[in-house]
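Treat the numbers as computed from the prediction; the structure is a model and nothing was measured. Lettering of chains follows the sequences in order, A, B, ..., and the numbering in each one begins at 1.
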Amino acid sequence: MKKVQEHRLPDLKNVHGKVVMRMAPSPSGPLHIGHSRMAILNDEYVKRYGGELILRLEDTNADNIDPFAYEQIPRDLEWLGVKVTRTVIQSDRLAIYYDEARKLIGKGHMYVCHCDRESFKNSRQQGIACPHRESDPAGNLEAFDMMVAGKFSSGEAVAVLKTDMKHQNPSVRDWISFRIGKSRHPRTGENIFLFPTMNFSVAVDDHLLGLTHVIRGTDHISNTDKQSYIYSYNGWTPPEYFHYGFISIPDAIMKTSIIKQGIVSGRYKGWDDVQLHTLMAMKRRGYSPETFRRYWIESGLRVQNATFSWEIFNSMNRENVDSGAKRLFFVTSPVKIRIGGGTDMRASIPFHPEHRELGTRDYELGSDPEVFVSSDDLDSVVDGGILRLKDLCNLRRNGNSFELEQGKDISLKSVKIVQWCPADSPDFKVLRPDGSTDTGVIEPLHSSVRGISQFERYGYVRLEKGYALFLHN
RNA sequence: GCUCCGAUGGUGUAGUCCGGCCAAGCAUACCGGCCUUUCAAGCCGGCGACCCGGGUCCGAAUCCCGGUCGGAGCACCA
């Protein structure tokens, strides 16, 4: 195994003793490769400095929740080796958000607004305050309690945090902190419809949970701005923030809603479909959790955007899986040929060229056996040329037939070496991430192999019953 | 359009804060050679980058200004 110089994540700023960090996915589905980045980065820092890593499930938008995610996300994290020390679910904390809202309303920092959506938006865009902005705290408190009690329906009232109507970013101006949901929330039941918006619950939680450092994407920069008002109204000290650049991952669908659609329509067989890049699917194909960690550490914590490199990722994974990947012969476009010559033939082939302790697979072929070889390989041999069936024998092409090359001179260099399968090999298929399927035959003793295998001259795969999933070359 | 941010080889990064040890390191990819009964792995060698233009300075990838290109945000989503 070659030496690799380890990259090191930059130190966090303003660390005093232990850190408290968090990852905050919304439970809209299982985690995918994009989530693995924030999970691992946070985990690395908590492991470096010591402290807490909080998993906070952000489920304040009932339209965007898949109950399955509540159980799968912790499993995904465990598989990644991310050590969560505490889990909180925002829908359990509604009372806390209501309380914090009442405090802010009482101090005149928040008000209840009854404008329709469009006019609120338009006046804010122009920096004009809505008429409800100056209503008195007592009335606002009353109105807020009516919202909590379900006296308003969606669209009739929102709670708004006062900020600065002249702020250069219109979205930071008086922003909506509570709205009445339209759908039933799977966890809070029938009678709860008032939910904080993300910026409100995040600011409150980050403070109350004692976060010292928050690392998140650059898409949250303006949210940090918005949230800062809650900190200053309450006299709270904000955590140290770092916003990292966006990494686009080619060929990976990162939108859970699209994946879900595909599952419903039948395009994908489930969250672990070979075409997807959920952690469930990548685990199933044979990616190792250590690969994710190494890649994200190497990729670092930078403000610049970048493009994910499958080349590098797969290369790291190859290093992680190769020593345990037993070699097997898989023959595509199989053609049966007879090896004449009357010799009794047998083969004993190591499962791994460098790890002989993994054993061999042995085949007794008898005399004049038939074997499968790929027609592509046969076609590539010129008349009179030699083809070597790996670990079995040399064949010489004579017109359209192949004859055993007696003497079996293995010192012969530059002969074409190809994989082959015994005549009783079963049909086999490999599902590929692009949705296609490769078919062929596989040697019988593949049934003794579990997990990740390297099909020689084909690629790494992970075996399942009766077929395999393509991992990478 | 407005606000903010960024720019190192094909790709991913180190170095940029505190200018000299950077005629720019590492990985991956590619090319050549070695090894080899896999087009895997391994070994040796090679190719290849500081966006452009000014300025400051003895000295700039690093600091300043301008330009170009790229990105993010501008929700009753997170």
Closer than 4.0 Å, any side-chain N/O of A:R302 to the OP1 or OP2 of B:A7? no
Side-chain N or O of A:R117 closer than 4.0 Å to phosphate OP1/OP2 of B:A75: no
Have a look at A:Q454 and say if it touches a base, only the backbone sugar-phosphate, or nothing, with a 4.0 Å heavy-atom cut-off. base
Considering Watson-Crick and G-U wobble pairs with both distances under 3.5 Å, what does B:G45 pair with? B:C31
Mind checking the C1' distance from B:A49 to B:C22? Whole angstroms is fine. 13 Å
Verify the contact: side-chain N or O of A:S299 to OP1 or OP2 of B:G12, cut-off strictly under 4.0 Å; return yes or no. no
Using atom P of each nucleotide, how far apart are B:G33 and B:C26 to the nearest Å? 23 Å
Would you say a side-chain N or O of A:R124 is under 4.0 Å from OP1 or OP2 of B:C76? yes
Distance between the P atoms of B:G53 and B:G15, in whole angstroms? 26 Å
Taking the C1' atom in each of B:U56 and B:G20, what is the distance between them to the nearest angstrom? 16 Å
Regarding A:Y460 and A:N317, do their side chains bring together a donor and an acceptor under 3.5 Å, going by distance alone? no
Paired nucleotide for B:G53 [Watson-Crick or G-U wobble; both distances under 3.5 Å]: B:C65
Using heavy-atom distances to pick each residue's nearest nucleotide on RNA chain B, tell me which of A:Y460 and A:F308 is more 5'. A:F308
Contact class for A:D225 (heavy atom, under 4.0 Å): base, sugar-phosphate, or nothing? nothing
For B:G73, which nucleotide is its Watson-Crick or G-U wobble mate, given both distances must be under 3.5 Å? B:C2
Could you tell me whether the phosphate oxygens of B:G12, OP1 or OP2, come under 4.0 Å of any side-chain nitrogen or oxygen in A:T307? yes
C1'-based separation of B:A75 from B:U13 [nearest Å]: 35 Å
Of the candidates B:A78, B:G12, B:A29, the side chain of A:I312 sits closest to B:G12
Give one of base, sugar-phosphate or nothing for A:E311, where a contact means two heavy atoms less than 4.0 Å apart. base
Does A:Q304 make a side-chain N or O approach to OP1 or OP2 of B:A7 shorter than 4.0 Å? yes
Check whether any side-chain heavy atom of A:F193 sits under 4.5 Å from a side-chain heavy atom of A:T188, and report yes or no. no
Kindly say if A:R327 contacts the phosphate of B:A40, meaning a side-chain N or O under 4.0 Å from OP1 or OP2. no
Centre-to-centre under 6.0 Å for A:F195 and A:Y97, is that the case here? no
Check: A:Y45 ring centroid to A:H213 ring centroid under 6.0 Å: no
Across all strands, who's sitting opposite B:U37 as a Watson-Crick or G-U wobble pair, both distances under 3.5 Å? none
Which nucleotide, if any, forms a Watson-Crick or G-U wobble pair with B:G25, using both distances under 3.5 Å? B:U13
With respect to the side chain of A:E58, which nucleotide from B:C74, B:A78, B:C76 is positioned closest? B:A78
Taking only the side-chain nitrogens and oxygens of A:T60, find out if one of them lies under 4.0 Å from OP1 or OP2 of B:C77. no
Quick one: do A:D377 and A:R457 make a salt bridge, cutoff under 4.0 Å? yes
Below the 4.0 Å mark, does B:U28 have OP1 or OP2 next to a side-chain nitrogen or oxygen of A:R294? no
If we count only N and O atoms by modelled type, under 3.5 Å, do the side chains of A:N199 and A:Q227 hold a donor and an acceptor together? yes
